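Right, one structure below, let's go through it.
Indexing begins at 1, ligand by ligand and atom by atom, following the structure's order. Everything quoted here is computed from the prediction, not taken from an experiment.
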Amino acid sequence: MFYQIYPRSFKDHNGDGVGDLRGIIEKLDYLSWLGIDVVWVSPFFKSPMEDFGYDISDYKDVDPLFGTLSDFDKLVSEIHRRGMKIIIDQVYNHTSDKHPWFVESRSSRNNPKSDWYIWKDPKPDGSPPNNWVSLFSGGEPRSMWEWDDNRKQYYLHLFGKEQPDLNWRNPNVKSAIFDSMKFWLERGVDGFRFDAASHYYKDPLFRDALKGPQIKENLFHSARDEYYWDRFSGRPETLLAVEEIKRFMDSYGEKVSVGEISADMGLCLYLLFTIPGRFDIAFNIDFMEKLSLNAKKVRELSENVDTFFGERAWPSYVLGNHDNYRIINRLTDGMNISEYEKKLIAKLAATLLLTMRGTPFIYYGEEIGMEDTDIPYDKIVDPWGKALWPKKGRDVCRTPMQWNNKENAGFSESAPWLPVNLNKAYVNVESEMKDPNSILNFYRSLLKLRKEHVELRRGTMKFQNAPSDIIFYIRKVSEKQVVVLLNFGSTVQCVDLTIYGKVLIGTHKNAGEKIHGAVRLAPFESIVIKVS
Ligand code: NOJ
(Lines give C-alpha, C1' and ligand atoms only; values in the text may rest on other atoms or scores of the structure.)
Protein backbone atom coordinates (compact mmCIF):
# COMPACT_ATOMS: atom_id res chain seq x y z
CA MET A 1 0.00 0.00 0.00
CA PHE A 2 1.59 3.17 -1.30
CA TYR A 3 1.12 6.69 0.04
CA GLN A 4 2.04 9.66 -2.13
CA ILE A 5 3.47 12.71 -0.39
CA TYR A 6 3.57 16.02 -2.22
CA PRO A 7 6.44 17.43 -0.15
CA ARG A 8 5.55 21.12 -0.46
CA SER A 9 2.26 20.43 1.28
CA PHE A 10 2.74 17.65 3.82
CA LYS A 11 4.44 19.25 6.83
CA ASP A 12 6.57 22.34 7.19
CA HIS A 13 9.32 21.86 9.77
CA ASN A 14 11.36 25.06 9.37
CA GLY A 15 8.40 27.44 9.36
CA ASP A 16 8.77 29.01 5.90
CA GLY A 17 5.31 28.03 4.73
CA VAL A 18 6.53 25.21 2.45
CA GLY A 19 6.65 21.55 3.50
CA ASP A 20 10.06 19.89 3.77
CA LEU A 21 11.87 16.60 4.38
CA ARG A 22 12.18 17.19 8.16
CA GLY A 23 8.42 17.77 8.19
CA ILE A 24 7.87 14.36 6.59
CA ILE A 25 10.11 12.77 9.24
CA GLU A 26 7.94 14.38 11.96
CA LYS A 27 4.90 12.62 10.55
CA LEU A 28 6.26 9.13 9.91
CA ASP A 29 4.66 7.79 13.09
CA TYR A 30 1.33 8.86 11.66
CA LEU A 31 1.95 6.95 8.41
CA SER A 32 3.02 3.87 10.29
CA TRP A 33 -0.06 4.15 12.57
CA LEU A 34 -2.19 4.34 9.41
CA GLY A 35 -0.66 1.13 8.05
CA ILE A 36 1.26 2.37 5.00
CA ASP A 37 3.90 0.08 3.45
CA VAL A 38 5.60 2.36 0.94
CA VAL A 39 6.01 6.12 1.13
CA TRP A 40 6.37 7.82 -2.28
CA VAL A 41 7.91 11.27 -2.04
CA SER A 42 7.29 13.50 -5.07
CA PRO A 43 10.22 15.65 -6.34
CA PHE A 44 12.37 17.45 -3.75
CA PHE A 45 15.41 17.93 -6.04
CA LYS A 46 17.03 21.24 -6.98
CA SER A 47 14.59 23.06 -9.19
CA PRO A 48 13.53 26.54 -10.29
CA MET A 49 10.02 25.25 -9.40
CA GLU A 50 8.37 26.32 -12.65
CA ASP A 51 6.50 23.00 -12.45
CA PHE A 52 7.01 22.67 -8.69
CA GLY A 53 9.87 20.21 -8.83
CA TYR A 54 9.06 18.37 -12.07
CA ASP A 55 11.62 20.71 -13.66
CA ILE A 56 14.91 19.53 -12.18
CA SER A 57 18.16 21.48 -12.37
CA ASP A 58 20.28 18.99 -10.39
CA TYR A 59 19.27 15.33 -10.21
CA LYS A 60 21.66 14.63 -7.35
CA ASP A 61 20.80 17.27 -4.80
CA VAL A 62 17.97 18.36 -2.52
CA ASP A 63 16.51 21.81 -3.12
CA PRO A 64 17.32 24.01 -0.07
CA LEU A 65 13.60 24.67 0.23
CA PHE A 66 13.14 21.02 1.24
CA GLY A 67 16.35 20.51 3.23
CA THR A 68 19.67 18.78 2.62
CA LEU A 69 21.04 15.44 1.52
CA SER A 70 21.63 14.57 5.14
CA ASP A 71 17.93 15.25 5.88
CA PHE A 72 17.17 12.85 3.05
CA ASP A 73 19.45 10.18 4.51
CA LYS A 74 17.70 10.64 7.84
CA LEU A 75 14.31 10.29 6.11
CA VAL A 76 15.38 7.00 4.53
CA SER A 77 16.67 5.56 7.79
CA GLU A 78 13.62 6.71 9.77
CA ILE A 79 11.29 5.14 7.21
CA HIS A 80 13.24 1.89 7.28
CA ARG A 81 13.37 1.89 11.09
CA ARG A 82 9.58 1.79 11.06
CA GLY A 83 9.49 -1.14 8.67
CA MET A 84 8.29 0.94 5.72
CA LYS A 85 9.89 1.55 2.32
CA ILE A 86 10.55 4.71 0.34
CA ILE A 87 10.33 5.43 -3.37
CA ILE A 88 11.13 8.74 -5.04
CA ASP A 89 10.31 10.36 -8.38
CA GLN A 90 12.78 10.20 -11.26
CA VAL A 91 12.02 12.71 -14.01
CA TYR A 92 13.97 11.65 -17.08
CA ASN A 93 11.83 12.77 -19.98
CA HIS A 94 13.02 16.35 -19.50
CA THR A 95 15.08 18.61 -17.27
CA SER A 96 14.64 22.22 -16.28
CA ASP A 97 15.83 24.78 -18.83
CA LYS A 98 18.08 25.98 -15.98
CA HIS A 99 19.84 22.60 -15.75
CA PRO A 100 23.56 23.15 -16.58
CA TRP A 101 23.18 20.50 -19.31
CA PHE A 102 20.59 22.58 -21.11
CA VAL A 103 22.40 25.86 -20.48
CA GLU A 104 25.43 24.35 -22.20
CA SER A 105 23.35 22.70 -24.92
CA ARG A 106 21.67 25.94 -25.92
CA SER A 107 24.94 27.93 -25.84
CA SER A 108 25.97 26.88 -29.38
CA ARG A 109 25.40 24.28 -32.08
CA ASN A 110 28.70 22.54 -31.49
CA ASN A 111 29.31 22.31 -27.74
CA PRO A 112 29.82 18.87 -26.12
CA LYS A 113 26.17 18.79 -24.96
CA SER A 114 24.70 20.28 -28.14
CA ASP A 115 22.92 16.99 -28.85
CA TRP A 116 21.70 16.28 -25.29
CA TYR A 117 18.29 17.77 -26.08
CA ILE A 118 16.07 17.63 -29.14
CA TRP A 119 17.01 20.49 -31.44
CA LYS A 120 15.62 20.98 -34.93
CA ASP A 121 15.87 23.55 -37.67
CA PRO A 122 12.75 25.52 -38.56
CA LYS A 123 10.76 24.76 -41.67
CA PRO A 124 11.75 26.99 -44.63
CA ASP A 125 9.00 29.44 -43.64
CA GLY A 126 10.43 29.67 -40.10
CA SER A 127 7.65 27.68 -38.48
CA PRO A 128 8.17 24.75 -36.02
CA PRO A 129 9.43 21.41 -37.43
CA ASN A 130 6.05 19.69 -37.02
CA ASN A 131 2.50 20.10 -35.72
CA TRP A 132 2.96 18.52 -32.29
CA VAL A 133 1.03 20.21 -29.51
CA SER A 134 2.33 20.46 -25.93
CA LEU A 135 0.79 18.19 -23.33
CA PHE A 136 0.34 21.36 -21.25
CA SER A 137 -1.57 23.50 -23.63
CA GLY A 138 -3.81 25.54 -21.40
CA GLY A 139 -6.85 27.08 -23.09
CA GLU A 140 -5.64 26.58 -26.66
CA PRO A 141 -3.10 24.48 -28.58
CA ARG A 142 0.52 25.46 -28.03
CA SER A 143 3.37 24.07 -30.04
CA MET A 144 5.74 21.55 -28.48
CA TRP A 145 8.59 23.52 -30.04
CA GLU A 146 10.22 26.62 -28.58
CA TRP A 147 12.41 28.90 -30.65
CA ASP A 148 15.92 29.60 -29.37
CA ASP A 149 17.38 32.78 -30.76
CA ASN A 150 20.92 31.80 -29.96
CA ARG A 151 21.02 28.49 -31.85
CA LYS A 152 18.40 29.70 -34.34
CA GLN A 153 16.70 26.36 -33.81
CA TYR A 154 13.68 24.97 -32.06
CA TYR A 155 13.88 22.65 -29.03
CA LEU A 156 11.20 20.12 -28.12
CA HIS A 157 9.23 20.23 -24.86
CA LEU A 158 6.35 17.81 -24.33
CA PHE A 159 5.36 19.75 -21.21
CA GLY A 160 6.15 23.40 -20.38
CA LYS A 161 8.72 25.37 -22.37
CA GLU A 162 10.87 25.44 -19.21
CA GLN A 163 11.04 21.62 -19.45
CA PRO A 164 13.13 20.74 -22.54
CA ASP A 165 13.08 17.04 -23.50
CA LEU A 166 16.26 15.04 -23.14
CA ASN A 167 17.62 13.20 -26.15
CA TRP A 168 17.58 9.56 -25.05
CA ARG A 169 19.22 8.54 -28.33
CA ASN A 170 22.47 10.10 -27.16
CA PRO A 171 24.39 7.43 -25.16
CA ASN A 172 25.93 10.08 -22.90
CA VAL A 173 22.46 11.23 -21.85
CA LYS A 174 21.54 7.67 -21.02
CA SER A 175 24.61 7.13 -18.91
CA ALA A 176 23.99 10.39 -17.03
CA ILE A 177 20.48 9.15 -16.28
CA PHE A 178 21.68 5.78 -15.02
CA ASP A 179 24.29 7.56 -12.97
CA SER A 180 21.60 9.57 -11.24
CA MET A 181 19.59 6.40 -10.50
CA LYS A 182 22.74 4.87 -9.03
CA PHE A 183 23.17 7.89 -6.77
CA TRP A 184 19.77 7.37 -5.10
CA LEU A 185 19.88 3.57 -5.06
CA GLU A 186 23.17 3.81 -3.20
CA ARG A 187 21.52 6.16 -0.71
CA GLY A 188 19.11 3.35 0.10
CA VAL A 189 15.86 4.12 -1.71
CA ASP A 190 13.62 1.13 -2.37
CA GLY A 191 12.48 2.17 -5.80
CA PHE A 192 11.37 4.87 -8.16
CA ARG A 193 8.30 6.38 -9.77
CA PHE A 194 9.30 7.24 -13.33
CA ASP A 195 7.66 10.43 -14.51
CA ALA A 196 6.31 10.50 -18.08
CA ALA A 197 8.04 7.19 -18.71
CA SER A 198 6.13 6.28 -21.87
CA HIS A 199 7.49 9.35 -23.65
CA TYR A 200 11.27 8.93 -23.47
CA TYR A 201 11.89 8.23 -27.18
CA LYS A 202 10.37 10.21 -30.01
CA ASP A 203 9.71 9.32 -33.63
CA PRO A 204 13.14 9.64 -35.28
CA LEU A 205 11.48 11.16 -38.37
CA PHE A 206 9.48 13.67 -36.33
CA ARG A 207 6.49 13.11 -38.57
CA ASP A 208 3.43 15.28 -38.08
CA ALA A 209 0.71 13.97 -35.81
CA LEU A 210 -1.99 12.13 -37.76
CA LYS A 211 -4.40 15.01 -37.33
CA GLY A 212 -3.84 18.68 -36.81
CA PRO A 213 -3.12 20.35 -33.51
CA GLN A 214 -6.13 19.17 -31.57
CA ILE A 215 -6.47 19.33 -27.83
CA LYS A 216 -8.59 17.42 -25.39
CA GLU A 217 -11.14 18.70 -22.96
CA ASN A 218 -9.23 17.18 -20.04
CA LEU A 219 -7.59 18.84 -17.10
CA PHE A 220 -4.50 19.88 -19.02
CA HIS A 221 -6.12 20.48 -22.42
CA SER A 222 -3.29 18.32 -23.62
CA ALA A 223 -2.45 16.93 -27.01
CA ARG A 224 -4.67 14.07 -28.13
CA ASP A 225 -2.49 10.99 -27.82
CA GLU A 226 -4.47 8.94 -30.29
CA TYR A 227 -3.05 11.14 -33.03
CA TYR A 228 0.44 10.65 -31.67
CA TRP A 229 0.43 7.00 -30.79
CA ASP A 230 3.71 6.06 -32.47
CA ARG A 231 5.20 9.56 -32.33
CA PHE A 232 6.26 9.58 -28.69
CA SER A 233 3.99 7.30 -26.64
CA GLY A 234 5.28 3.83 -25.88
CA ARG A 235 7.75 3.50 -28.74
CA PRO A 236 9.70 0.21 -28.93
CA GLU A 237 12.97 2.00 -28.07
CA THR A 238 11.34 3.21 -24.84
CA LEU A 239 10.31 -0.33 -23.93
CA LEU A 240 13.89 -1.49 -24.43
CA ALA A 241 15.16 1.34 -22.22
CA VAL A 242 12.67 0.30 -19.55
CA GLU A 243 14.10 -3.23 -19.68
CA GLU A 244 17.55 -1.79 -19.13
CA ILE A 245 16.29 0.25 -16.19
CA LYS A 246 14.71 -2.84 -14.70
CA ARG A 247 17.90 -4.88 -15.02
CA PHE A 248 19.87 -2.06 -13.50
CA MET A 249 17.53 -1.75 -10.53
CA ASP A 250 17.50 -5.51 -10.03
CA SER A 251 21.26 -5.43 -9.61
CA TYR A 252 20.59 -3.53 -6.37
CA GLY A 253 18.37 -6.24 -4.92
CA GLU A 254 14.63 -6.04 -4.37
CA LYS A 255 13.53 -2.65 -5.71
CA VAL A 256 10.20 -1.48 -7.08
CA SER A 257 9.60 0.49 -10.26
CA VAL A 258 6.39 2.40 -10.89
CA GLY A 259 5.91 3.87 -14.34
CA GLU A 260 3.78 6.87 -15.14
CA ILE A 261 2.41 5.57 -18.43
CA SER A 262 0.17 7.53 -20.74
CA ALA A 263 -3.40 6.42 -20.18
CA ASP A 264 -4.85 7.90 -23.32
CA MET A 265 -4.68 4.76 -25.38
CA GLY A 266 -6.36 2.55 -22.82
CA LEU A 267 -4.77 -0.37 -21.05
CA CYS A 268 -2.57 -1.65 -23.84
CA LEU A 269 0.41 0.52 -22.93
CA TYR A 270 0.04 -0.39 -19.26
CA LEU A 271 0.46 -4.03 -20.12
CA LEU A 272 3.31 -3.40 -22.55
CA PHE A 273 5.18 -1.49 -19.87
CA THR A 274 4.63 -3.99 -17.06
CA ILE A 275 5.07 -7.45 -18.52
CA PRO A 276 7.88 -9.30 -16.72
CA GLY A 277 11.26 -7.67 -17.24
CA ARG A 278 9.82 -4.16 -17.50
CA PHE A 279 8.32 -1.93 -14.77
CA ASP A 280 6.70 -3.63 -11.79
CA ILE A 281 3.67 -1.36 -11.76
CA ALA A 282 1.96 1.07 -14.12
CA PHE A 283 0.29 3.84 -12.13
CA ASN A 284 -3.38 3.46 -13.11
CA ILE A 285 -4.27 6.97 -14.28
CA ASP A 286 -6.94 5.51 -16.54
CA PHE A 287 -8.90 4.21 -13.53
CA MET A 288 -8.41 7.46 -11.62
CA GLU A 289 -9.70 9.56 -14.51
CA LYS A 290 -12.70 7.39 -15.34
CA LEU A 291 -13.94 6.56 -11.85
CA SER A 292 -17.49 7.83 -11.31
CA LEU A 293 -20.59 6.89 -9.34
CA ASN A 294 -21.86 4.81 -12.25
CA ALA A 295 -21.62 1.24 -10.88
CA LYS A 296 -21.96 -0.37 -14.30
CA LYS A 297 -19.08 1.64 -15.73
CA VAL A 298 -16.88 1.13 -12.68
CA ARG A 299 -17.45 -2.61 -12.79
CA GLU A 300 -16.53 -2.60 -16.47
CA LEU A 301 -13.45 -0.53 -15.75
CA SER A 302 -12.15 -2.81 -12.98
CA GLU A 303 -13.12 -6.01 -14.74
CA ASN A 304 -11.31 -4.87 -17.87
CA VAL A 305 -8.15 -4.14 -15.91
CA ASP A 306 -8.36 -7.47 -14.16
CA THR A 307 -8.96 -9.64 -17.19
CA PHE A 308 -6.58 -7.69 -19.37
CA PHE A 309 -3.70 -7.98 -16.91
CA GLY A 310 -4.67 -11.50 -15.85
CA GLU A 311 -1.60 -13.39 -14.72
CA ARG A 312 0.69 -11.49 -17.08
CA ALA A 313 1.23 -8.34 -15.10
CA TRP A 314 0.22 -6.80 -11.80
CA PRO A 315 -2.33 -3.97 -11.80
CA SER A 316 -2.61 -0.90 -9.58
CA TYR A 317 -5.50 1.30 -8.51
CA VAL A 318 -5.51 5.01 -7.83
CA LEU A 319 -8.16 7.49 -6.71
CA GLY A 320 -6.14 10.68 -6.93
CA ASN A 321 -2.77 12.35 -7.39
CA HIS A 322 -1.21 15.81 -7.62
CA ASP A 323 -2.46 16.28 -11.20
CA ASN A 324 -6.17 15.81 -10.68
CA TYR A 325 -9.09 17.13 -8.66
CA ARG A 326 -9.71 15.46 -5.32
CA ILE A 327 -11.72 12.24 -5.52
CA ILE A 328 -14.68 13.54 -3.47
CA ASN A 329 -15.06 16.50 -5.81
CA ARG A 330 -14.89 14.36 -8.92
CA LEU A 331 -17.38 11.81 -7.62
CA THR A 332 -19.90 14.32 -6.32
CA ASP A 333 -19.55 17.01 -8.98
CA GLY A 334 -22.92 18.61 -9.68
CA MET A 335 -24.74 16.61 -6.97
CA ASN A 336 -26.62 18.23 -4.17
CA ILE A 337 -25.53 16.11 -1.22
CA SER A 338 -25.05 16.41 2.52
CA GLU A 339 -21.75 16.17 4.42
CA TYR A 340 -22.96 12.78 5.68
CA GLU A 341 -23.42 11.43 2.16
CA LYS A 342 -20.08 12.87 1.11
CA LYS A 343 -18.42 10.92 3.89
CA LEU A 344 -20.17 7.73 2.75
CA ILE A 345 -19.01 8.29 -0.82
CA ALA A 346 -15.41 8.79 0.37
CA LYS A 347 -15.67 5.48 2.24
CA LEU A 348 -17.20 3.77 -0.80
CA ALA A 349 -14.23 4.84 -2.92
CA ALA A 350 -11.81 3.76 -0.18
CA THR A 351 -13.40 0.31 0.07
CA LEU A 352 -13.14 -0.15 -3.67
CA LEU A 353 -9.51 1.03 -3.75
CA LEU A 354 -8.39 -1.14 -0.86
CA THR A 355 -10.22 -4.38 -1.66
CA MET A 356 -9.46 -4.80 -5.36
CA ARG A 357 -6.76 -7.03 -6.87
CA GLY A 358 -3.92 -4.60 -7.43
CA THR A 359 -1.56 -2.32 -5.57
CA PRO A 360 -3.44 0.66 -4.09
CA PHE A 361 -2.02 4.19 -4.07
CA ILE A 362 -3.33 6.75 -1.57
CA TYR A 363 -2.75 10.45 -2.25
CA TYR A 364 -1.98 12.45 0.91
CA GLY A 365 -5.12 13.77 2.57
CA GLU A 366 -7.42 11.35 0.75
CA GLU A 367 -7.55 9.32 3.96
CA ILE A 368 -9.17 12.21 5.83
CA GLY A 369 -11.48 13.20 3.00
CA MET A 370 -9.68 16.34 1.84
CA GLU A 371 -11.48 18.23 -0.89
CA ASP A 372 -10.43 20.70 -3.58
CA THR A 373 -9.68 24.12 -2.13
CA ASP A 374 -11.02 27.26 -3.81
CA ILE A 375 -8.04 29.30 -4.96
CA PRO A 376 -8.71 32.93 -5.89
CA TYR A 377 -7.10 34.00 -9.18
CA ASP A 378 -4.35 36.05 -7.50
CA LYS A 379 -3.30 33.04 -5.40
CA ILE A 380 -2.93 30.60 -8.33
CA VAL A 381 0.67 29.41 -8.67
CA ASP A 382 0.36 26.39 -11.00
CA PRO A 383 1.34 27.75 -14.42
CA TRP A 384 -1.34 25.57 -16.04
CA GLY A 385 -3.83 26.69 -13.46
CA LYS A 386 -3.28 30.23 -14.75
CA ALA A 387 -3.72 29.13 -18.33
CA LEU A 388 -6.87 27.19 -17.51
CA TRP A 389 -8.63 29.90 -15.51
CA PRO A 390 -11.59 30.10 -14.86
CA LYS A 391 -11.42 26.29 -14.97
CA LYS A 392 -9.73 24.87 -11.86
CA GLY A 393 -6.05 23.96 -12.21
CA ARG A 394 -3.88 21.66 -10.14
CA ASP A 395 -3.35 23.91 -7.10
CA VAL A 396 -6.74 22.88 -5.73
CA CYS A 397 -5.55 19.37 -4.89
CA ARG A 398 -2.12 20.44 -3.61
CA THR A 399 -3.10 22.50 -0.58
CA PRO A 400 -1.61 21.87 2.88
CA MET A 401 -2.32 18.63 4.70
CA GLN A 402 -4.89 19.27 7.41
CA TRP A 403 -3.35 18.05 10.66
CA ASN A 404 -5.64 19.88 13.09
CA ASN A 405 -8.18 22.70 13.21
CA LYS A 406 -5.72 25.34 14.45
CA GLU A 407 -4.11 28.09 12.40
CA ASN A 408 -2.72 26.85 9.07
CA ALA A 409 -4.21 23.44 9.95
CA GLY A 410 -1.07 22.59 11.94
CA PHE A 411 0.87 22.45 8.68
CA SER A 412 3.14 25.43 9.27
CA GLU A 413 3.95 28.25 11.71
CA SER A 414 3.64 30.78 8.91
CA ALA A 415 1.31 31.44 6.01
CA PRO A 416 1.40 28.38 3.72
CA TRP A 417 2.36 28.60 0.04
CA LEU A 418 -1.23 27.70 -0.89
CA PRO A 419 -4.33 28.49 1.17
CA VAL A 420 -5.66 25.90 3.63
CA ASN A 421 -9.14 24.52 2.99
CA LEU A 422 -11.75 26.08 5.29
CA ASN A 423 -13.12 22.63 6.06
CA LYS A 424 -10.00 22.01 8.18
CA ALA A 425 -12.42 22.78 11.06
CA TYR A 426 -13.75 19.22 10.80
CA VAL A 427 -11.63 17.55 8.07
CA ASN A 428 -8.35 17.05 9.94
CA VAL A 429 -6.21 14.25 11.33
CA GLU A 430 -6.48 15.19 14.99
CA SER A 431 -10.27 15.17 15.23
CA GLU A 432 -10.68 12.20 12.88
CA MET A 433 -8.32 10.10 14.96
CA LYS A 434 -10.70 10.54 17.89
CA ASP A 435 -13.86 9.80 15.90
CA PRO A 436 -14.48 6.04 15.42
CA ASN A 437 -16.70 6.79 12.39
CA SER A 438 -14.25 9.05 10.61
CA ILE A 439 -12.96 8.49 7.10
CA LEU A 440 -9.48 8.24 8.61
CA ASN A 441 -10.35 5.37 10.96
CA PHE A 442 -12.18 3.65 8.10
CA TYR A 443 -9.04 3.80 5.93
CA ARG A 444 -6.94 2.52 8.81
CA SER A 445 -9.26 -0.46 9.38
CA LEU A 446 -9.31 -1.28 5.66
CA LEU A 447 -5.51 -1.17 5.49
CA LYS A 448 -5.39 -3.50 8.49
CA LEU A 449 -7.86 -5.90 6.89
CA ARG A 450 -5.82 -5.98 3.71
CA LYS A 451 -2.79 -6.98 5.77
CA GLU A 452 -4.73 -9.64 7.70
CA HIS A 453 -6.54 -11.32 4.79
CA VAL A 454 -4.38 -12.78 2.09
CA GLU A 455 -7.36 -13.06 -0.27
CA LEU A 456 -7.62 -9.25 -0.30
CA ARG A 457 -4.03 -8.96 -1.44
CA ARG A 458 -3.50 -11.99 -3.63
CA GLY A 459 -6.93 -13.49 -4.28
CA THR A 460 -8.76 -13.65 -7.57
CA MET A 461 -11.45 -11.03 -8.11
CA LYS A 462 -14.75 -12.19 -9.61
CA PHE A 463 -17.55 -9.76 -10.27
CA GLN A 464 -21.10 -11.02 -9.63
CA ASN A 465 -24.39 -9.95 -11.11
CA ALA A 466 -26.32 -7.51 -8.96
CA PRO A 467 -28.82 -4.65 -9.24
CA SER A 468 -27.54 -1.88 -11.46
CA ASP A 469 -26.30 0.45 -8.71
CA ILE A 470 -24.40 -2.31 -6.91
CA ILE A 471 -20.85 -3.50 -7.31
CA PHE A 472 -20.44 -7.02 -5.97
CA TYR A 473 -17.23 -9.04 -6.14
CA ILE A 474 -15.56 -11.97 -4.44
CA ARG A 475 -11.87 -12.10 -3.58
CA LYS A 476 -10.70 -15.66 -3.15
CA VAL A 477 -7.61 -17.73 -2.38
CA SER A 478 -8.34 -21.49 -2.08
CA GLU A 479 -11.00 -21.71 0.66
CA LYS A 480 -10.52 -18.17 1.88
CA GLN A 481 -13.12 -15.75 0.59
CA VAL A 482 -14.13 -12.17 1.10
CA VAL A 483 -17.21 -10.57 -0.44
CA VAL A 484 -17.39 -6.86 -1.22
CA LEU A 485 -20.71 -5.07 -1.71
CA LEU A 486 -20.86 -1.42 -2.67
CA ASN A 487 -23.99 0.61 -3.29
CA PHE A 488 -23.10 3.36 -5.75
CA GLY A 489 -26.65 4.67 -5.78
CA SER A 490 -28.80 6.90 -3.59
CA THR A 491 -31.60 4.37 -3.07
CA VAL A 492 -31.92 1.25 -0.91
CA GLN A 493 -30.97 -1.92 -2.78
CA CYS A 494 -31.25 -5.61 -2.08
CA VAL A 495 -28.69 -8.27 -3.00
CA ASP A 496 -29.35 -11.98 -2.90
CA LEU A 497 -26.44 -13.69 -1.15
CA THR A 498 -26.16 -17.45 -0.90
CA ILE A 499 -23.28 -17.40 1.55
CA TYR A 500 -22.91 -17.28 5.31
CA GLY A 501 -20.48 -14.79 6.67
CA LYS A 502 -19.59 -12.02 9.06
CA VAL A 503 -19.09 -8.34 8.41
CA LEU A 504 -15.42 -7.35 8.53
CA ILE A 505 -16.09 -3.67 8.03
CA GLY A 506 -19.04 -1.61 6.88
CA THR A 507 -20.46 1.86 6.83
CA HIS A 508 -23.86 0.81 8.21
CA LYS A 509 -23.41 -2.68 9.63
CA ASN A 510 -21.13 -3.44 12.56
CA ALA A 511 -18.08 -5.65 12.32
CA GLY A 512 -18.99 -9.16 13.47
CA GLU A 513 -22.63 -8.89 12.35
CA LYS A 514 -23.82 -12.16 10.75
CA ILE A 515 -24.83 -12.20 7.10
CA HIS A 516 -27.03 -14.76 5.39
CA GLY A 517 -29.58 -14.66 2.62
CA ALA A 518 -30.48 -11.28 1.32
CA VAL A 519 -28.58 -8.14 2.22
CA ARG A 520 -30.21 -4.75 2.25
CA LEU A 521 -27.89 -1.92 1.32
CA ALA A 522 -28.55 1.68 2.32
CA PRO A 523 -27.67 4.50 -0.12
CA PHE A 524 -23.88 4.60 -0.63
CA GLU A 525 -23.35 1.73 1.80
CA SER A 526 -20.13 -0.34 1.74
CA ILE A 527 -19.72 -3.79 3.31
CA VAL A 528 -16.85 -6.24 3.34
CA ILE A 529 -17.86 -9.74 4.43
CA LYS A 530 -15.69 -12.68 5.46
CA VAL A 531 -17.29 -15.87 4.16
CA SER A 532 -17.43 -18.61 6.80
C1 NOJ B 1 3.60 14.18 -14.78
C2 NOJ B 1 3.60 14.74 -13.39
O3 NOJ B 1 2.74 13.96 -12.59
C4 NOJ B 1 3.15 16.19 -13.52
O5 NOJ B 1 2.90 16.78 -12.27
C6 NOJ B 1 4.22 16.93 -14.25
O7 NOJ B 1 3.81 18.26 -14.45
C8 NOJ B 1 4.51 16.29 -15.60
N9 NOJ B 1 4.61 14.86 -15.53
C10 NOJ B 1 5.81 16.80 -16.17
O11 NOJ B 1 6.88 16.32 -15.42
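- Phe283 and Phe361 have their aromatic ring centers within a separation under 6.0 angstrom.
- Within ligand 1, the atoms closer than 4.0 Å to a non-hydrogen atom of His94 are 10 (C), 11 (O), numbered from 1 in the order shown.
- At a heavy-atom cutoff of 4.0 Å, ligand 1 is contacted by the side chain of Arg193 but not by its backbone.
- With Tyr54 as the aromatic partner, Arg193 does not meet the cation-pi criteria of under 6.0 angstrom to the ring centre and within 45 degrees of the ring axis.
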Next item on the list: Apply the test salt bridge (charged side-chain N to carboxylate O under 4.0 Å, His left out) to residues Asp165 and Lys202: give CA-CA distance (whole Å), side-chain angles for both, the deciding distance (0.1 Å), then the verdict.
Entry: CA-CA 10 Å; Asp165 279 45; Lys202 283 78 183 172; 2.7 Å; yes

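- Which parts of ligand 1 touch Asp323 is read off a 4.0 Å heavy-atom cut-off, strictly below it: atoms 1 (C), 2 (C), 3 (O), 4 (C), 5 (O).
- Atoms of ligand 1 found under 4.0 Å from any heavy atom of Phe136 (numbered from 1 in listed order, with element): 7 (O).
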Next item on the list: Go through the steps for Phe232 and Trp132 under the test ring pair (Phe, Tyr, Trp, His ring centres under 6.0 Å), then give the verdict.
Entry: CA-CA 10 Å; Phe232 53 75; Trp132 297 1; 5.4 Å; yes

